[in-house]
Amino acid sequence: MDTQYEPQKIEEKWQKLWAEQHLFDADIAPGRKKYYVLEMLPYPSGDIHMGHVRNYSIGDALARYMSMKGLNVLHPIGWDSFGLPAENAAIKHQRPPAEFTFAYIDRMRRQLKRLGVSYDWRREVTTCVPEYYRWNQWFFLKMYERGLAYRKKSRVNWCPQCETVLANEQVVDGCCWRHEDTPVVEKDLEQWFLKITDYAERLLEDMNELVRWPERVLTMQQNWIGRSKGTEVDFKVEELDIPLRVFTTRVDTIFGCTVVFAAAEHPLLEKMIAASKAPEKLRDEVERIKQSAIRARAEVNLEKDGVATGFTARNPYNGEQVPIWVANFVLTEYGTGAVMAVPAHDQRDFEFCTTFNLPIRTVILPKDGKRQEKLEAAFTEYGKLVNSGPYTGLTSERAIERMTHDAESDGYGKGTIQYRIKDWGISRQRYWGTPIPMVYCDACGVVPVQESDLPVLLPADIRLTGTGQSPLASVPEFVATTCPQCGGPARRETDTMDTFVDSSWYFYRYTDPKIETVPISKEAVDYWFPVDQYIGGIEHAILHLIYMRFFTKVMKDIGLVSFSEPVARLFTQGMVIKDGSKMSKSKGNVVDPTAMFEKYGADTVRLYMLFAAPPEKDLDWSDTGIEGASRFLNRVYRVISKHAENVCAVESVLEKKPRPAALPGYTPEERKLLRKAHQVLRHVTEDMEERWHFNTDIALTMELVNEFAELEPGIADGKLRPEVVKETLEILVLTLALFTPHIADELWEGLGHSGATLRVAWPVYNAGLAVEEELELPVQVNGKLRNRIHVAIGANDEEIRRLALADEKIAQYINGRQVVKVIMVPQKLINIVVK
RNA sequence: GCGAAAGUGGCGGAAUUGGCAGACGCGCCAGACUUAGGAUCUGGUCCCGCAAGGGGUGGGGGUUCGAGUCCCCCCUUUCGCACCA
């Protein structure tokens, strides 16, 4: 082998060989255990970034380990290729988005191949091609059939400058991202929604199955879904004789209700205004509150404001009449859009009523019975009811139960559950996405496209201006169609789907990416699913990772799959940061991976990515750090190339059955080296199964190289025989194969093997060899480390105790004092307690 | 405000179940080989101290023979949700 490590040359050589040998192709093999490693698919923005490199280096280490363990590993990749950036580039350059997208995909594919990740490239999935997006349309139709896709008027963010709808992510501090001085206005448009709220309960419940998901992600999802159990109560608007329904989680406090608040957009307000003595004035005031409520959505801490309507509501529990106010902090979209105000027991109500001088009445006392003299804040905990008519004396828990029950039997309310999650609005007034397969017919109304007519193709030839309504609306040939129902002239829906739809099921498609008759092949999914390990950034903790779970549940309901959760284990990696902040073009702190591949080679970049921090933590990029990684690989290469020739022909011991622990023929140097090697192997093996602290695995391979370098002179005088050298170096190389596969394969070949390390069975560590022969035990006196003693591995406690007490230095510290007790921790330490 | 995670040398980080704090790497210092070193190798590097020794894991208390690790209080940072009734 060459004496000089030339990463570019080696990496090119092995990537070519791997491809020729179809090393990473995975096929269904009934009876053989599978392992599905999935990394979040990239958006083809043009160049891979360090976040990708980190993500895929982690996934690749795992995929390679599982392969070497003998599992049938599926490790695919694809392109999340619809979306705004391509469309914006298209507007800027007046070229079709497809052109950019496919060019970017080609470029990124080359870069990923340059990284040498073990992908089965035959399974590449691209979401922006009709062969893929037709199934988005198919899923949409299935959901429409089941009432899970529906249309309603809803509020959107609208930039008056661009004359277009903005996604939530494009609203920055209440303004348009492209016109930073232009406040976004809200506009009502007809939009398509997917009824994820129908699945809220199952999304929560099935979290029980997600035992291998990070707690953090589950908590975020739980908060996002936001289930809260409460009671709906009808207050009667006396003057109009119609009910005003409120939602509360604390019906036990209702005797303390002194006001009822309605949101500024509550539908009942129109009637109140109409019946008001001063309708003009009320209308103006409600409008004022409405504006302030809209501002409240953008700002953080808006002051509470409100206005009395002049109307009153009757509390059904005590018959009391309380004023109805309109308040700026009441949400229209949540609950019933109206709440009862209990200032004594809700902090917001307390603040409001203090400001507006409304009465405050205590109805809950702390369970210890102590009453506060002066209320300075609301008492919001559970307690015991007072001043609450027949419920006085009950605990809050009991009262909620009883009062809800009474509301139900007397017909003025009911127990109910509210969710914070809203239905998923998927309409985008954009071009570069999946057309929503619906048709509007003057005679028949809203009609779905026939399944047999899918896909509804996105027209290729289109001029994008970036202004006005949906770009598709300006393509007459697209819009004009015939009604699937009556055959008469009709118009197509011109909105496209949110790209999160694309990514909600792409990982199913990998299992049979070219199947044409159905979205997914049952046979393939049955074999490969669930995804054993999903790896991606924490930023997807809610949106994508909820949508994906939702889709799977729908797929189960329509009989496509037989399980409810698609991903068994989730891992969220940390970000790559530099100089304290996330790498971004605007900050100018981006490190380009391809430049690093040029300079150091892909193996070095991978090694550094895995070594610099444990994978779940943020990783701070350091230019000198990567130098260190490069230095290490050079050192490994140098060391191995130096001895390769001498050990090449020696028969490999690793390929045989594990040997007994201590072979009498081994020299002390050999035992020491083998012990280290097998300790490293043990640590890496255990770590790959569970902990994934690759940084410590790599640290250990460094220690092994250090140990080898120290003992190396022994080779010349026969203290280290070639077979031991070979075994040590083999363990080193196979461990590195997980993290730096190219150099590993090259070195493996240098050690006299042929073919890729991926095809080598992961070696089993020799438990006996990994055990120390002699223990160095720290001895403490009164908890302070005073000396270390050496004991034989088999020594019993009595013997060790005697040795410790007899130790000269220890004796000095005991110094005639009385030994109260001696604590012996097996294999760890001795602590002598003296008085 | 609520929720979560985290605070260890000059830096990234080790210490997996309460048991030798600082592995490994970066940086730095000294030396060797060199025409040269941004190559390589050797030694050193938590703080105070010549040493013996002492101190030390954000701060304060506690449990324990023993605490980076467990408990209580406080501080700081990051992330998520932010008037969800």
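Chain letters run A, B, ... following the sequence lines, proteins first, then strands; residues in each count from 1.
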Tell me what [X] touches on the nucleic acid: a base, only sugar-phosphate, or nothing, going by heavy atoms under 4.0 Å.
X        : value
A/Val339 : base
A/Gln347 : nothing
A/Arg216 : sugar-phosphate
A/Asp620 : nothing
A/Gly628 : sugar-phosphate
A/Asn706 : sugar-phosphate
A/Val342 : nothing
A/Thr624 : sugar-phosphate
A/His683 : base
A/Arg638 : sugar-phosphate
A/Arg227 : nothing
A/Asp618 : sugar-phosphate
A/Tyr813 : sugar-phosphate

What's the closest nucleotide to the side chain of [X] if the choices are [options]?
X        : options                : result
A/Glu703 : B/rA23, B/rG19, B/rC84 : B/rA23
A/Arg631 : B/rC81, B/rU16, B/rC26 : B/rC26
A/Leu785 : B/rA21, B/rG13, B/rG66 : B/rA21
A/Val833 : B/rG12, B/rC65, B/rG80 : B/rC65
A/Ser228 : B/rG12, B/rA85, B/rC41 : B/rA85
A/Lys821 : B/rC65, B/rC20, B/rA39 : B/rC65
A/Asn695 : B/rG66, B/rG13, B/rG12 : B/rG13
A/Asn831 : B/rC65, B/rG54, B/rA85 : B/rC65
A/Trp224 : B/rC20, B/rG25, B/rC81 : B/rC81
A/Thr696 : B/rC41, B/rG19, B/rA15 : B/rA15

Can you tell me the Watson-Crick or wobble partner of [N], both distances under 3.5 angstrom?
N      : answer
B/rU63 : none
B/rU42 : B/rA30
B/rA5  : B/rU77
B/rC20 : none
B/rG68 : none

Mutual orientation of the aromatic rings belonging to A/Tyr547 and A/Trp424 [parallel < 30°, tilted 30-60°, perpendicular > 60°]: parallel
Syn/anti state for B/rG9 [syn: chi within 90° of 0]: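 Syn, since the glycosidic angle lies within 90° of 0.
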Chi angles and distances behind the side chain to side chain contact (heavy atoms under 4.5 Å, CB included) call for A/Val237, A/Ile324: CA-CA 8 Å; A/Val237 183; A/Ile324 300 172; 4.0 Å; yes
A/Arg361 and A/Glu320 ion-paired at < 4.0 Å: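 A salt bridge links A/Arg361 with A/Glu320.
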Identified ring pair (Phe, Tyr, Trp, His ring centres under 6.0 Å) partner of A/Tyr608 from the options A/Tyr600, A/Phe694, A/Trp621: A/Trp621
Heavy-atom donor-acceptor pair, A/Lys304 side-chain to B/rC83 base, under 3.5 Å: yes
No-H, no-angle donor-acceptor pair, A/Arg348 side chain to B/rA85 base, under 3.5 Å: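 Per atom types, the contact qualifies.
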Determine the interatomic distance between [atom1] on [N] and the same-named atom on [M]; round to the nearest Å.
N      : M      : atom1 : answer
B/rC81 : B/rG19 : C1'   : 41 Å
B/rG56 : B/rG9  : C1'   : 11 Å
B/rU77 : B/rC26 : C1'   : 24 Å
B/rA14 : B/rG25 : P     : 15 Å

When you check the phosphate oxygens OP1 and OP2 of [N], does a side-chain N or O of [X] lie under 4.0 Å from one of them?
X        : N      : value
A/Arg691 : B/rA15 : yes
A/Arg420 : B/rC83 : no
A/Tyr334 : B/rA85 : yes

Separation of A/Thr248 OG1 from A/Gln418 CD (nearest 0.5 Å): 11.0 Å
Spacing of [X] atom [atom1] relative to [N] atom [atom2], expressed in whole Å:
X        : N      : atom1 : atom2 : result
A/Met609 : B/rG12 : CE    : P     : 16 Å
A/Lys809 : B/rG53 : NZ    : C1'   : 10 Å
A/Lys828 : B/rA15 : NZ    : P     : 12 Å

Ring centres under 6.0 angstrom apart (A/Phe261, A/Phe329): yes
Any donor-acceptor N/O pair, A/Thr231 side chain to A/Thr404 backbone, under 3.5 Å: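 Absent.
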Minimum side-chain heavy-atom gap A/Leu358-A/Trp325 below 4.5 Å: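 Yes, close enough: below the 4.5 Å cut-off.
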